[in-house]
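Let me begin by presenting the structure, written as structure tokens, before commenting on it.
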Amino acid sequence: MQVVTDSSGPTYDEIGVGYRAKRKPDPRWAAQIHSALGDARTVLNVGAGAGSYELTDRSVIALERSRIMIDQRSPAAAPAAQGTADRLPFRDKQFEAALAVLTVHHWPDPAHGLAELQRVSNRQVIVTWNPEVFAERMWLVSEYLPEVVMREATLATEVTIVELLGATDSRVLPVPFDCTDGFFGAYWRRPEAFLDPDVRRAISGIALLEPEKVERAIAQLEEDLRSGTWQQRHQDLLDATELDLGYRLVVAESR
């Protein structure tokens with residue numbers, strides 16, 4: 001099996017400025033993530049970012065690579081250390097659970113990082129996505145930014161994570177139409193949001209593409225919204241309340 005990595009140039013020290021304002025945890029996703037953590041009282045949140053989806057009623061330690069992201073954490077958030085998944089400074093089975101939300105695809109060595117999660121925790125809860133489902137159902141990719149497909153093909157996503165963890169539990173995470181967490185698929189029923197550069201900067205899948213290609217795609221989207229073409233093409237989405245865009249919640253137990 002070939003383990004894939006994210007070899008993109010910019011890091012969250014560059015694209016993460018203002019991240020916290022656009023990436024507010026959605027309570028419906030939070031409920032499912034917290035349920036997957038079960039009754040774990042000690043949790044390690046790896047790739048923790050600004051602290052989304054961290055539990056407040058348990059003992060949590062956060063690990064984050066980017067100082068920019070750490071600096072955006074609330075003073076009330078869990079204590080955070082700067083570091084990477086492939087070098088976890090914790091003893092074996094120190095945590096009852098480890099959490100990683102939309103982060104594994106950024107790890108330089110996903111195989112080593114996931115093995116480290118298994119070493120230090122009894123349960124692993126990973127939020128990721130299925131790129132094939134996403135590319136087919138997310139109109140911004142299929143109609144405006146097909147370049148996303150090529151980039152995501154190199155990333156460690158659902159199939160790789162399930163295989164590396166030996167997981168048998170991968171759950172659908174539907175995206176509500178009014179999702180408060182501004183990840184890529186959050187705006188599937190709010191296309192005008194993509195016209196906002198701050199929104200795009202908070203979505204790594206867009207922010208890491210060539211700016212010229214993104215600008216051309218967004219210009220076409222703006223024209224399609226103005227003319228009503230987008231609305232006519234996606235009439236079926238306008239009454240939907242949630243959509244499966246391929247986001248998955250993978251739950252595994254250490255072997």
Side-chain angles (χ1 to χ4, degrees), residues 12 19-20 23-67 69-107 109-129 156-158 160-174 176 179-181 183 247-255:
Y12 276 96
Y19 204 77
R20 184 180 174 192
R23 299 297 296 271
K24 299 178 180 179
D26 186 89
R28 291 148 293 194
W29 271 35
Q32 295 187 66
I33 292 169
H34 295 173
S35 176
L37 288 168
D39 58 0
R41 302 305 305 175
T42 55
V43 179
L44 173 65
N45 186 14
V46 179
S52 292
Y53 302 107
E54 287 178 357
L55 301 96
T56 58
D57 61 342
R58 314 186 196 190
S59 176
V60 178
I61 293 178
L63 191 78
E64 168 56 45
R65 181 179 183 177
S66 166
R67 173 51 58 183
M69 299 300 288
I70 291 175
D71 289 345
Q72 294 180 67
R73 295 174 63 84
S74 164
Q82 190 169 12
T84 59
D86 56 348
R87 295 183 180 182
L88 296 181
F90 307 107
R91 66 179 184 274
D92 293 358
K93 300 299 183 251
Q94 182 171 338
F95 302 92
E96 294 179 25
L99 175 65
V101 178
L102 295 175
T103 178
V104 176
H105 57 288
H106 289 301
W107 296 358
D109 188 343
H112 193 177
L114 290 169
E116 277 286 88
L117 259 61
Q118 290 184 310
R119 179 183 67 80
V120 303
S121 68
N122 296 316
R123 171 177 292 192
Q124 299 81 44
V125 176
I126 314 290
V127 177
T128 182
W129 76 97
T157 50
E158 183 193 16
T160 300
I161 291 169
V162 166
E163 184 174 354
L164 289 173
L165 290 178
T168 59
D169 187 355
S170 185
R171 312 172 189 179
V172 174
L173 276 175
C179 184
T180 60
D181 189 345
F183 51 81
Y247 291 97
R248 300 293 182 258
L249 182 61
V250 177
V251 183
E253 305 290 339
S254 292
R255 290 167 286 191

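From a predicted model like this one, the values you see are computed outputs, not experimental measurements. Scope of the values below: all heavy atoms of this structure, side chains included, with no hydrogens, waters or symmetry mates.
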> How far apart are the C-alpha atoms of Q124 and S121, what are their side-chain angles, what is the distance that settles it, and do they pass the side chain to side chain donor-acceptor pair (under 3.5 Å) test?
Replying inline: CA-CA 7 Å; Q124 299 81 44; S121 68; 3.0 Å; yes
> Looking at side-chain heavy atoms only, is the closest gap between R123 and L37 below 4.5 Å?
Replying inline: no
> Minimum heavy-atom separation for A85 to V46, with atom names?
Replying inline: CB-CG1, 3.7 Å
>> Let me confirm one number: the CD-CZ distance from Q94 to R91, rounded to the nearest 0.5 Å.
In response: 4.0 Å
>> Taking CG in D39 as the centre, count heavy atoms belonging to other residues, nucleotides or ligands within less than 6.0 Å. Is the count above 12?
In response: no
>> With a 4.0 Å cut-off on N to O distance, would you call R41 and E96 a salt bridge?
In response: no
>> Could you tell me if the side chain of F95 sits less than 4.5 Å from the side chain of V43, heavy atoms only?
In response: no
>> Return the CG to OG1 distance between L173 and T128, rounded to the nearest 0.5 Å.
In response: 10.5 Å
> Centroid-to-centroid, F183 to W29, below 6.0 Å?
Replying inline: yes
> At what distance, to the nearest 0.5 angstrom, does CG of L102 lie from CD1 of I126?
Replying inline: 10.5 Å
In residues 54-63, what donor-acceptor pairs under 3.5 Å come from side-chain atoms, sequence neighbours left out?
{"residue": "E54", "atom": "OE1", "partner": "R73", "partner atom": "NH2", "Å": "2.9"}
{"residue": "E54", "atom": "OE2", "partner": "N45", "partner atom": "ND2", "Å": "3.0"}
{"residue": "E54", "atom": "OE2", "partner": "R73", "partner atom": "NH1", "Å": "3.0"}
{"residue": "E54", "atom": "OE2", "partner": "R73", "partner atom": "NH2", "Å": "2.9"}
{"residue": "R58", "atom": "NH1", "partner": "G38", "partner atom": "O", "Å": "2.8"}
{"residue": "R58", "atom": "NH1", "partner": "A40", "partner atom": "O", "Å": "2.9"}
{"residue": "R58", "atom": "NH2", "partner": "G38", "partner atom": "O", "Å": "3.1"}

> Should L99 and I33 count as side-chain neighbours, where that means a heavy-atom distance under 4.5 Å?
Replying inline: yes
> Taking the side chain from K93 and the backbone from Q118, do they hold a donor-acceptor pair closer than 3.5 Å?
Replying inline: yes
>> Using every non-hydrogen atom in the two residues, find where W129 and H105 come nearest and quote the distance to one decimal.
In response: CZ3-ND1, 3.3 Å
> Are any non-hydrogen side-chain atoms of V120 and L44 less than 4.5 angstrom apart?
Replying inline: yes
>> Measuring centre to centre across the rings, with the benzene-like ring taken for any Trp, is H112 within less than 6.0 Å of W107?
In response: no
>> Nearest 0.5 angstrom please: L164 CG to L114 CG, how far?
In response: 5.5 Å
>> Counting C-beta onward and ignoring hydrogens, is there a side-chain heavy-atom pair between V172 and L249 closer than 4.5 Å?
In response: no
> Does the E116 side chain pair with the main chain of L88, one donor and one acceptor, at a distance under 3.5 Å?
Replying inline: yes
> What are the two closest non-hydrogen atoms of V125 and A36, and how far apart are they?
Replying inline: CG2-O, 3.8 Å
>> Looking at T160, is its backbone amide N or carbonyl O close enough to the side chain of E163 to form a donor-acceptor pair, meaning the two atoms are under 3.5 Å apart?
In response: no
>> If you compare all heavy atoms of I70 against all heavy atoms of A80, which two are closest, and at what distance to 0.1 Å?
In response: CG2-CB, 4.5 Å
> For the atom pair OG1 (T180) and CG (D26), what is the distance rounded to the nearest 0.5 Å?
Replying inline: 4.0 Å
>> Any side-chain to backbone donor/acceptor pair from E158 onto R248? Under 3.5 Å, distance only.
In response: no
> Between OH of Y247 and CG of D181, what distance do you get to the nearest 0.5 Å?
Replying inline: 9.0 Å
>> Just so I know, are the side chains of Q32 and R171 near enough to count as touching, which here means a heavy-atom distance under 4.5 Å?
In response: no
>> Can you tell me which residue among E64, R65, H106 is in a side chain to side chain contact (heavy atoms under 4.5 Å, CB included) with T84?
In response: R65
